[in-house]
There are 2 protein chains.
Amino acid sequence: MREEISNRLASLSIRDLMLVAAVDRCGGFRPAAEEMGISVSGLSHQVRKVEAVLGVTIFERGARNVMPTEAGREMLRHVAGFLRHAADMGHAADRRAGPFGGRLRVGVISTVGPFLMPHVVSLARDWHPRLELALMEGKHEGLSRRLRDGEIDLVITACPHADEAFDRAELLSEPFCLLARADNPLAAGGPIEPERLAGLDLLPLSEDDFPTETAPQGAHRAGMRIFRSHGLSIETRVRLVSTHGYACLVPAFTCGELTAGGKLALVEILNRPVGRQIFGLWRRSSPYAAELGRFAAAVSVFMRAP
Amino acid sequence: MREEISNRLASLSIRDLMLVAAVDRCGGFRPAAEEMGISVSGLSHQVRKVEAVLGVTIFERGARNVMPTEAGREMLRHVAGFLRHAADMGHAADRRAGPFGGRLRVGVISTVGPFLMPHVVSLARDWHPRLELALMEGKHEGLSRRLRDGEIDLVITACPHADEAFDRAELLSEPFCLLARADNPLAAGGPIEPERLAGLDLLPLSEDDFPTETAPQGAHRAGMRIFRSHGLSIETRVRLVSTHGYACLVPAFTCGELTAGGKLALVEILNRPVGRQIFGLWRRSSPYAAELGRFAAAVSVFMRAP
DNA sequence: CACGGTTACGATTATCGTAAGCATT
DNA sequence: AATGCTTACGATAATCGTAACCGTG
């Protein structure tokens, strides 16, 4: 069996081997005991225990000095390699000892990433300066699967309800506004009344805006005709708007700078009746769940402030 | 400091890491506990201890399954390497676990090796079939120094008194006989009386026969003129005898077959008044001292028997 | 007698198991 | 209700230190 191999050695601790190495390094029990902060007696006990466990007498105890036996020298080489390995593991552990295991893996849906991630990153750096961030963009479904499988720790998405095993926190509410060509009459007179949406032939919303089959709040209230679609990206919507003169609902923050050199216009909708909510999601069972909750709250607070 | 590096990990035992690896391998605490022959509770304790010591949460405990965190996976890689190292050390220890640490290093003086070592080797193989023998020939002083320094474990020599730190056992008594050219009148009539030695111009004895300043027992009794020398080997003595016609005392067993194709003759001396004793020497502090004593006794018994 | 490691034995600490607890399905 | 890990707590065992004990120079 895989474990039977070293079952005999199981009772050895790293400390035990450090003691053996110390006796070798110091050339005697007394100085080694002092260096390791242990009594000579305890040291003698532990070294004998190691020798008993290995079945090898490592040290020959002379009248005035201690020297390793031939077999002991071989064991000491192994012990040295062993302790080197332990030190390596210690260093690796140190790097991983910080919050989130030293690395926070964040997934974000494509329509949120561009405007939110810079804030999340700077917030994370304030939060834990040494934290390494691993970012990933994608669609809600893929990110959700990766979150469930433990490939990422935090997902920022627009889907209001998710896996039962996830905890979530609302990060921000993002209103929609109307994207139209600059020559469209809608673009002329500033903010428009929600009622005017009802008469428009709007392009379908992207799945990233409302990833599941949920209708957006206020959309029906506004009387819009919603065409469902999947994967209609912002970029595609922009092309359709600019080439065919359609009007289109787009997330306001995502498209804040999307005027394409004056050829397009973003029209605010009064009272913001349509919009989407953006959530942070994480596994309830994650060891970082509490910290993730605090971080999400900080993001939320930050996004409400200027 | 060299030790401060992994001081934090000192309290980890190999078993602790085996437990962690088992949880990973079995995918849960319950099966891992069963495999490792421990209660689930104890396993939970130990795994948490490891996580606390490393400062890294290795496992995410879900409702129905356990999976390693990202940081945990890195730790598990280290743990696996660690346990591999432990297994290697276990194997090395197994090879060294036998008597004499698996390898008996024997030094023998040049004039004794040729006739004694074959017996010692076969006796050792009977004694401990798996024992590896490391043999070395040399002069008494060098072997004695190596014995003192721990480079060898057993020295077979002719010097009756040695370092205070050595224990010894007489292995055998070897008589001297006279080596002469076949045309020498001494070689004619079989065994000779000891008294006849007094009148001969004998070559000096080698240091290997009487390595220190000790006069050989019976030498003065026989009235011989002893010329002291160092390093006059058997081979040199044979050449001097065969080319110049000298007579020469030589150890009987060492030179038992030394008739050089009929040109030389070995003449026995009646009552064997001159000879040397061959001893086994080992450090009193050697962990194998007791076993070495028994082995020497076995050699002694064997050499007395036919 | 000084030195260095070992042994005896009592005290502290760690480890472990039973059983109850808590969260999830 | 069943599953799976954790916590509480008492029992057992390992570790450790003081002091007495050899064996050696």
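For clarity, every value in this text was computed on a predicted model and none was experimentally measured.
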Inset, instruction - Using a heavy-atom cut-off of under 4.0 Å over every strand shown, decide if R64(A) touches base, sugar-phosphate, or nothing. - result: base
Legend entry - Length of the CD-C1' vector between E34(B) and dG4(D), whole Å: 14 Å
Legend entry - Atom pair distance, as rounded to whole Å: CG in D167(A) and P in dT24(C): 9 Å
Inset, instruction - Would you classify Q46(B) as touching base, sugar-phosphate or nothing, given that sugar-phosphate means primed atoms plus P, OP1 and OP2, and contacts are heavy atoms under 4.0 Å? - result: sugar-phosphate
Legend entry - Spacing of R15(B) atom CZ relative to dA14(C) atom C1', expressed in whole Å: 13 Å
Inset, instruction - With rounding to the nearest 0.5 Å, note down the distance linking CD1 in I109(B) to OG in S144(B). - result: 11.5 Å
Legend entry - E60(A) CD - dG23(D) P separation (whole Å): 17 Å
Inset, instruction - Give a yes or no answer on whether the side chain of R105(A) reaches the backbone of M136(A) with a donor-acceptor pair at less than 3.5 Å. - result: no
Inset, instruction - Write down the distance between CZ (F59(B)) and P (dG4(D)), rounded to a whole number of angstrom. - result: 16 Å
Inset, instruction - Would you indicate, yes or no, if dA14(D) has its OP1 or OP2 atom less than 4.0 angstrom from a side-chain nitrogen or oxygen of K49(A)? - result: no
Inset, instruction - Give the rounded distance in Å between these two atoms: CG of L43(A) and C1' of dT18(D). - result: 16 Å
Legend entry - Approximate separation, where rounding is to 0.5 Å, of R294(B) CZ and E291(B) CD: 4.5 Å
Legend entry - L83(B) CG to M89(B) CE distance, which is reported to the nearest 0.5 Å: 11.0 Å
Inset, instruction - Return the 5'-most residue of the pair I38(A), A63(A) with respect to DNA chain D, ranking by each residue's nearest nucleotide. - result: I38(A)
Inset, instruction - Quickly work out the L19(B) CG to dC5(D) C1' distance and round it to whole Å. - result: 15 Å
Inset, instruction - Scan R61(B) against the nucleic acid and name what it touches under 4.0 Å (heavy atoms): base, sugar-phosphate only, or nothing. - result: sugar-phosphate
Inset, instruction - State which of dC5(D), dG17(D), dT6(D) makes the closest approach to the side chain of V66(B). - result: dC5(D)
Legend entry - M36(B) CE to dC16(C) P, straight-line distance once rounded to whole Å: 10 Å
Legend entry - Gap separating the CD atom of E34(A) from the CG atom of L43(A), nearest 0.5 angstrom: 12.0 Å
Inset, instruction - Output yes when at least one side-chain N/O atom of S44(B) is less than 4.0 Å from OP1 or OP2 of dT6(D), else no. - result: yes
Legend entry - Donor-acceptor pair under 3.5 Å, S41(B) side chain vs dT18(C) base: yes
Inset, instruction - Scan G62(A) against the nucleic acid and name what it touches under 4.0 Å (heavy atoms): base, sugar-phosphate only, or nothing. - result: nothing
Inset, instruction - Look at the side chain of F29(B) and decide which nucleotide, out of dC5(D), dT7(C), dG17(C), has an atom nearest to it. - result: dC5(D)
Inset, instruction - Check whether any side-chain nitrogen or oxygen of R30(B) sits under 4.0 Å from OP1 or OP2 of dT3(D), and answer yes or no. - result: no
